[in-house]
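This report refers to the structure that appears directly beneath it.
What you see below is based on every heavy atom in this structure, not just the backbone, and it leaves out hydrogens, waters and symmetry mates. Naming: A, B, ... by sequence-line order, numbering from 1 per chain.
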Protein chains: 2
Amino acid sequence: MAEDWTDRHVARWRDHWLDIGFDEDVEGVFTRIGRLARHLRDAKAAALAEVGLTDFEYDTLHALMIRDTPGSASPTELAAEVGVSGAGMTGRLDGLERAGWIRRIPSVDDRRRVIVEVTRQGLAIWRRAMDIRGEAEHALAAALTERELATVNRLLRKMTLRSEAEDGGSPGAS
Amino acid sequence: MAEDWTDRHVARWRDHWLDIGFDEDVEGVFTRIGRLARHLRDAKAAALAEVGLTDFEYDTLHALMIRDTPGSASPTELAAEVGVSGAGMTGRLDGLERAGWIRRIPSVDDRRRVIVEVTRQGLAIWRRAMDIRGEAEHALAAALTERELATVNRLLRKMTLRSEAEDGGSPGAS
DNA sequence: GAAAGGTACTTCGCTACCTAAGTATTTGGC
DNA sequence: GCCAAATACTTAGGTAGCGAAGTACCTTTC
């Protein structure tokens with residue numbers, strides 16, 4: 001097996017910082033998770049640019065569409081789901097509304113509330129983004145056999161369960 | 001095995017978006033990688049705050065220390081290693097210099113260059129951060145046996161190798 | 001039924017970041 | 001040896017994000 005950036009990183013560590021001491025598999029796993037996350041973010045941003053969406057616009061639309069009530073949510077719910085502050089979500093929705101991909105509708109039941117609804121155009125661009133999305137994921141996933149992929153998935157679940165237990169609730173994003 | 005956020009996410013998908021179609025293991029693996037990366041970032045930021053460092057200050061000092069020439073680098077090299085722009089690195093170094101953790105020394109060989117050097121205080125706070133760092137990592141890693149951890153590490157390497165081949169060079173960070 | 005407190009969203013001031021342009025210096029071609 | 005191009009870093013202008021304060025509304029309590 002060829003060596004990747006992380007192998008070189010760990011080797012350098014071993015040479016220069018022997019006295020600090022660390023577990024090579026722990027360091028390796030989390031360094032690689034960080035680097036994969038970065039790669040996916042960059043690859044996704046490049047792919048989305050083709051249909052005219054930024055990464056965070058896509059994430060926001062996506063959060064709106066993958067809910068139990070697809071295409072409709074409150075700003076607060078969306079903020080929690082994508083993991084930004086309420087103020088941050090206001091900014092995102094401003095942009096999406098200006099672009100015509102969502103609508104803000106005042107709630108009649110509770111006039112403090114606002115209902116965010118995807119528009120026809122918003123749905124269309126999301127579907128288009130969905131079609132090209134996952135290419136980067138599949139390109140990377142193809143490095144593993146189906147069996148290996150299932151194994152990684154199972155073992156990562158063990159860690160996410162642990163992390164979600166630590167966090168308490170389920171402050172989530174895709 | 002209990003279900004995590006990602007399982008619920010995938011299940012919701014299955015219900016509402018049958019027509020789009022996706023591979024559950026691919027979706028699961030990359031959703032979990034993203035969520036683990038987010039958890040680690042947040043946990044690390046919380047831990048670092050205890051010693052008085054922000055996440056990006058730590059990353060910059062860390063990049064400076066894990067090089068082949070620990071404690072000394074050029075701004076451009078550091079920028080490439082942590083994955084920010086040159087301008088971004090200028091801003092980070094301004095802050096670190098103001099705090100007294102690094103020094104900028106004009107190069108005599110090439111007067112366009114600047115040499116960034118860690119100070120005694122910078123080294124001290126980095127060592128302190130190192131001592132508390134990794135707690136979140138080990139807490140999550142403890143969800144797996146040593147054998148499982150080694151397996152995940154090996155399979156993730158397959159994917160990072162693929163991703164680095166796509167990127168071409170090795171534009172790296174820890 | 002009015003005051004007190006909680007909730008939902010937005011506005012404001014600030015920070016980190018990016019791209020692009022600017023400054024200073026070195027390198028390469030003729 | 002001199003001008004053009006490349007390189008290294010900084011400055012300038014703009015964007016997305018955060019926390020905290022602000023506004024409007026609902027709910028509870030007495």
The side chain of Ala87(A) is closest to which nucleotide in this list: dC18(C), dC9(C), dC12(C)? dC12(C)
Phosphate-side-chain proximity, Arg92(B) and dC17(C), N/O vs OP1/OP2 below 4.0 Å: yes
Measure CZ/Arg104(A) against C1'/dA8(C) and give the value in whole Å, please. 12 Å
Of Asp110(A) and Gly86(A), whose nearest nucleotide on DNA chain D comes first from the 5' end? Gly86(A)
Value in whole Å for how far the P atom of dC9(C) lies from CD1 of Ile102(A): 12 Å
Could you give the CD-to-C1' distance, from Glu77(A) to dC9(C), as a whole number of Å? 13 Å
Base, sugar-phosphate, or nothing: which does Ser85(B) touch, judged by heavy atoms less than 4.0 Å apart? base
Nucleotide of dA12(D), dG17(D), dC17(C) approaching Val84(A) most closely (side-chain heavy atoms): dG17(D)
Measure the distance from CG on Asp94(A) to P on dT11(C) and round it to the nearest whole Å. 7 Å
Which pair of heavy atoms, one from Ala129(B) and one from Leu48(B), lies closest together, and at what distance? CB-CD2, 3.7 Å
Measure the distance from CZ on Arg38(B) to P on dG17(D) and round it to the nearest whole Å. 13 Å
By nearest nucleotide on DNA chain C, pick out whichever of Arg112(A) and Thr90(A) is the more 5' one. Arg112(A)
Protein-nucleotide distance (Arg113(A), atom CZ; dC9(C), atom P), rounded to Å: 6 Å
Hey, is Asp59(A) close enough to Arg41(A) for a salt bridge, meaning N to O under 4.0 Å? no
Just checking Glu117(B): does its CD atom have more than 12 heavy atoms from other residues, nucleotides or ligands closer to it than 6.0 angstrom? yes
Angle between ring planes, Tyr58(A) versus His62(A), binned at 30° and 60°: parallel, tilted or perpendicular? parallel
All heavy atoms of Ala2(B) vs all of Asp7(B), minimum pair found to be O-OD2, 4.1 Å
Report the distance from atom CG of Leu78(B) to atom P of dA8(D), rounded to the nearest whole Å. 14 Å
Take the protein atom CD1 of Ile105(B) and the nucleotide atom P of dC9(D), then report the distance between them rounded to whole Å. 13 Å
Check whether any side-chain N or O of Thr76(B) sits under 4.0 Å from OP1 or OP2 of dC9(D), and answer yes or no. yes
Donor-acceptor pair under 3.5 Å, Arg111(B) side chain vs dT25(C) base: no
